[in-house]
Structure formats: structure tokens, C-alpha cells
Amino acid sequence: MSKIKFIGKRLGMSVITLWLITVVVFFVIQLPPGDFVDYLVENMVAEGETVTEIEIEAMREEYGTNRPFFVQYADWMKGILTGDWGVSFFYNQKVTVKIGETLGATLAVSFITMIFTYLLSIPIAIYSAKHQYSVGDYLATFIGFIGMAIPNFLFAIILMFLSYKWFGKPIMGLPDTPPTSWPAIKEWIKHMIIPIIVIGTSGTCGLIRSTRAQMLDEQARPYILSTRARGVSEPALTYKYAMRSVLNPVVSGLGGMISGIFNGSTITAIVLMLPTQGPVLLKALQSQDVYLSGGILLISAILVVIGTLISDLLLMAMDPRIKDLEESKNEQ
Amino acid sequence: MNNKEELLKSKEERALEKKRLKQEKYYMSSQWQLMGRKLLKHKLAIFSIVLLGILYFCMIFSDFIAPEDLENYSAKYSDSPITKIHTVHEGKFIGPFVYAQKFKFNDYGQKMYYEDTATPHRISLFVKGTPYKLLGFIKGDVHLYGVKNEDGTPSDVKVLILGADNLGRDMFSRILLGSKVSLTVPLLGTAISFVLAVIIGGVSGFYGGIIDTIIQRIIEVFMSFPTLPLWMALSAAIPTGISVTNVYILITIIMSLLSWPGLARTVRGRFLSLKKEDYVLAARLAGVSDFKIIVKHLVPGFMSYLIVNLTLGIPNMILGETSMSFLGLGMRAPATSWGVLLQECKSINNIANCPWKLIPLVFVAITVLAFNFLGDGLRDAADPYK
């Protein structure tokens, strides 16, 4: 019963958060002085057309950018709920369609990066913790620091440059053909390697550091000592006992991880020209395409909220103490 | 004989006394002094402090150290590689000098630079050049190094120790002058988010109840946004055509706006645990005002903890500012920062032909690493159980 109550409370919290997010998103996209019409007029004037005040007013009326903030927000919000996210002025396409075009690639890149991050960082972290102060541990720590210090986009540039040096042409973008046949899959893998390494590095390094620290803490616990004294084998000790508590922070960091991957993928995609949301967002922001940039901001925030929700529910399923944890979260 | 013994004894006594004083000093030293002692033992942290000290020192005197200002365009030197510094001309040692750079176009229309070895140009110290105002008010026109004509006027031969950009400007000067933005935005931004976090997190933790719930929801909203897209959206909102100073201020505010929520949450947690301490109750019973309790009794209690968090937050701000400027959403020409300098690295041809344009990256990475190591050292030092 208390579990259902917990889930219900957690869902309610997410809904409130989501609503507040829509307010912030709408506020942010309305911030820039001037509106889309200004951008249009600027372009038209640059192309040598003359635009009269009356025409500008008519355009404002047409795009609805001359109404007060709350009216526009209410309108936008109604659309969001009914599935009509407005029209992208710049691409002259429905926002939902434009986002849908890139969402697949965005999710694919994010998901594969996430798996890559977990598969790589947890074994390395466990190795580092089990062999503290060994050469491998120092190497992992060193690489971890470097990975965190180099900005994503520059890492992308350097790898792009290296791929250009080694293969004769820079590997950029994603292939147009869907990965159905074997050669197409190979092509996809080739194009995914650089983005995944670039986007995943900082998350991997962070995860290695925190998991290693957690594992070291756990190994010093009395229960590990007593279990070892009872003759339980070392691998069982690591993977069956210590691993359980190590996984908790890993799971609870899921929301942050998704947000980090979005950060990384946005700028990396701009540099590598991937067909994901990053370049579209930049374009939309530069051209003050309010509804499109708002939609992209909103969808990424929604995904993070869902990620956090999933991680909380997973934690609850994994750890019977979670009810206390929720309380301690509030009290701490 | 007697005298000697006495002398020895007093020597011993003095040593003992010294030791006792040292111990007393140790027991009497404040938390901060203890932290300092521990930090001194952390070699990487000390190394980082020295490194950061050098970087900030160079930043303060950048106008003097840099041989040029930001707008010293020269078509003759566009994309020029790093100038070689020689010491021997026609078999004779004449001290450090450079040759003038000349160029010709190869068959593909590419600019090829070569050295004109006819006349050596001596590098001299304290050369008169473009006037500047050090720290904004000390006027000067002497630069640390450069090439002089025979009559003492500045020569147009450039010493490009880190190469030139596509407009022929000295990269080294631009990196130094750009550090004025890249190295101060994170510090200012951290200061702002520190104030915000202490006030908002403090109120949330100290009063609790409905205020706490509302503030926590707001923090959650901020933390739900992937920072970079939100940063981009906010930076894109900076109007074009406002002054460099205003862009700088706005960028700093945006950086701090997005980093306070995490800190505020930390502050709140500390407040919640500290406010149950007996000494806080005692202060309250004695009639101390809420404000004074917060500032005098609670904040010092977790200051060291907060400083560690602040230091570890600086690298993110450096990377944030660099990314924004790189995307063209941050600092704009004529102002410069390391991110602006890296804009030229957007095209693969530029990197392939002029790899020295990646040098600002080295500065970014070094600064970020140094702040990370310093933060790590501070964390170890602030932890009383280590």
C-alpha cells in the first residue's frame, strides 16, 4: 500500500515539475527582444525588399506574436496538451513533425551512449577499486581526469581531424540508409563511434570516479570483512554483496546522466553535423523560431524528468530501504 | 665545563620549548589552519595553485606581456605558423632573433610561408608598441618583448610564438587577452551563484514548511533542464548590438543562474542538519535574530564544505563559457575569449593546415584540470576523517 502511495506521490511531483518547466520554457523563448517577424523583416530588407509598417503589423497578426504573454502561453499550453505544438516558422513545418524527424536519431545516439557509458565505466571502476594504487588504477584515474577536462566539442574536432588524417575524409553525420543490410550496419557503426566516444567520455569519467569511491567505501565496511572471514569467495563478495550498494548511486544518477548526454550530444552534434536535435535547436534559436526551440527544450526536459522518475522507481524496486531514503531525502 | 653543560641543557630546553609551542599551535589552530596544513601536503593541489597563480598573474599583466593588442590585423601574416627563434646568423652568435616571414602561393593557391634569411631581426625586451591601460587605469605602451627598428620604433616584423590567426593577429596575445574573460567569468559566476545558493538554500532549509517545498520544486525544475540547451537559449536571448561589458555581465549571470540550484540544495541539506544542533537552540533562546544565526552560526559551519563545492563547480563554468563562445552565442568580436579563439577550429581545413590554432584548447584543459585537482585537494583537506 505504501508503495502505491509512494508511486502516486512521485508521479504527482513529476506532473507539477513538468508544468513549471513549461512556464520556464515559454518564458525563456520569449526573452529575446524582438520576435520572429523582426527576423523575417530583417532578412527581407537585406534582400532589398521594402516593408511597410502596416505589412509588419499584418505579419504580426498572422503569426500571433503581438498578443500578451499569458494569452500566448495559454494558447501554446493548450496546443501542447492536445498534441499541436505549433508551426516552426523557419522550416515551415509542424514542430512535432520536425522534432519527430530528429527524435529517432537523438534517442538512438543517447541510448547507445548510455549503454556504452555503463558497460565501460562500471567494470573499470570495480577494477580500479579492487586494485587501488595499481598502474591500471592510476591510468584509469588519469584518463578519467583528461576526459573530464577536454570540452566535448573540441574532443569531437580532434577525433574528426584524426579520422580525416587516417581515413582520408572526416567521418561526419549519419548515413541516410536505414541499418537493414550488413554493409549499412557497418556504415552506421563507423559513423556512430566518434559521437559515442565524444558524448560518452565525460559521463564515463564521472561515473568511474564516483563508482570507484563508492566501491572503496563499501570494501571497508565490517560486513564485507565478516563475510570474507566466513570464507565467501572474493568474486562473490564483490559482485553479490558490494555491488548491490554500489549500484544505488548509479541508478539514482540516471536523470543527471540523461541530462549530461543531452548536453554533450547537443554541441557534439553541431560540430559533427549529426541529424539530431542539437543543430536544429541552434538554428531555431538563431532565427528566433520560438515554437521550435521551445518544443526542443521542452522535450529534452521531459525526457530528463522521465529518466529521474524511472530511476526513483527502479531504486524503490531495488532497495527495500527506499521508503526511509525518501524520508531522509526530505529531512537531510 | 659547567658553562658548556648549561648551554647544552638550555639548548635542549629550547628545543623542547619549541616543540611544545609547535604542538600548542597545532592544537590551538583553527579549522582553516588545519585545512591549510593538509592542503600543503597535497602535491597536485599545490602544483595546481602555482599553475593557476601563473595563469592569473599573466592575465593581470596581459596587456604588458602580450606583444600586440586584439586588433593588430596584418594580411602579411594571416595563418602564419609559429615563428622560429634563431640565435646564429651566418655562423655568428648574435642572441635571439627572428627572420621576417615572406610567403608565396604554391600550385594549389595555398599560401606557403618561408623565412627571409637576409636580415636578422633581434628580439628585444621592453619594446614600445600599442598603448594600453593596465587593469583599466595604469597607462603604458611598453610590451615585454618584440622587434624594434634601428631607430627604436616598433617594427612590423612579428614574433609569433604561438602562430597567427586567419587575420594575421598574434595568437599568444589573443590567448592572454582572452584569458581576461575566460578566467574571470567562472570566478564571478561562482561568486554570484554562491550568494544565491546561500540565500535561497538557507531560507529553504532554515524555515522549512511550505517555503521549503516551493523552493525545492523550483530547484527541481532548474535541475531537470539539460544545462547546455538552456544556456544556449538564454545566451541567444542576449540582444545584438549591446556593449562588450554588458555581454560579459549577462554571460556571467547566465552561467551562475544555472549552477546555483545544485549548490542551494547542498546548502539546504547542511542547514537542516545544523539547525538541530544545541548551540543554535541556545542562540535562539538568547534572542539572537534569525539573520544573525544564519550568518554567524550556521554559514561558518559548512563554509569549508561549500568552498570545495564551489571550486569543483568552476571547471563547468569555464567549459560552459567556452562552449557558448565557440557556438557564437557567447562573447562576440571584438571581445575575445578562449572559446572565441576556438571558433576557427570549426573547419577541418583550418586545423589540418594550421594545427597551432588548437593551442587555446591546451589552456582550457590545463585550467580545468588545475581547478579539478585543487578542488580534490580541498575536499581531502576539509574532510576531518582523512
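A note on names: the letters A, B, ... follow the listed sequences, proteins ahead of strands, and every chain is numbered from 1.
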Residue B/Phe225 versus chain A: region with a heavy atom under 4.5 Å: both
Contact class of B/Ile366 relative to chain A, heavy atoms under 4.5 angstrom: neither
Proximal component of A/Thr17, with respect to chain B [non-hydrogen, under 4.5 Å]: both
B/Phe206 and B/Phe271 aromatic ring geometry - parallel, tilted or perpendicular at 30°/60° bounds: perpendicular
Most chain B-contacting option - heavy-atom pairs closer than 4.5 Å, from A/Leu18, A/Ile21, A/Val28: A/Ile21
Inter-residue atom distance B/Met317.CE - B/Ser256.OG, 0.5 Å rounding: 6.0 Å
Ring centres under 6.0 angstrom apart (A/Trp85, A/Tyr291): no
Top of A/Leu282, A/Ile302, A/Thr308 for chain B proximity - count of heavy-atom pairs under 4.5 angstrom: A/Leu282
Residue selection (most heavy-atom pairs with chain A, distance under 4.5 Å) from B/Cys345, B/Ala365, B/Ser323, B/Pro355: B/Ser323
B/Asn316, part contacting chain A, at a heavy-atom distance under 4.5 Å: neither
Side chain, backbone, both or neither of A/Leu20 within contact of chain B (heavy atoms, under 4.5 Å): both
Pair A/Ser14-A/Arg10, side-chain donor/acceptor within less than 3.5 Å: yes
Part of B/Pro229 lying under 4.5 Å from any heavy atom of chain A: both
Winner by heavy-atom pair count (cut-off under 4.5 Å) against chain A, out of B/Ala233, B/Pro315, B/Pro226: B/Pro226
Residue A/Ser300 versus chain B: region with a heavy atom under 4.5 Å: both
Residue A/Ile267 versus chain B: region with a heavy atom under 4.5 Å: both
Where B/Leu329 and B/Ile251 come nearest, the two heavy atoms and their spacing: O-CD1, 4.2 Å
Least distance between heavy atoms, A/Ile296 atom then A/Ile99 atom: N-CD1, 3.8 Å
Contacting moiety of A/Ile158, where chain B heavy atoms sit under 4.5 Å: side chain
Ring-ring centroid check B/Phe222 B/Trp260, cutoff 6.0 Å: yes
Which atoms of B/Leu342 approach chain A - backbone, side chain, both or neither, heavy atom under 4.5 Å: side chain
Contact summary for A/Cys205 and A/Ile143, nearest pair of heavy atoms: SG-O, 4.1 Å
Between B/Leu327, B/Val364, B/Asn372, the one whose heavy-atom pairs under 4.5 Å with chain A are most numerous: B/Leu327
Ion pair check, B/Lys357 and B/Asp165, cut-off under 4.0 Å: no
Check against side-chain hydrogen bond (donor to acceptor under 3.5 Å, both in side chains), B/Glu321 and B/Ser337: CA-CA 9 Å; B/Glu321 188 273 321; B/Ser337 77; 2.9 Å; yes
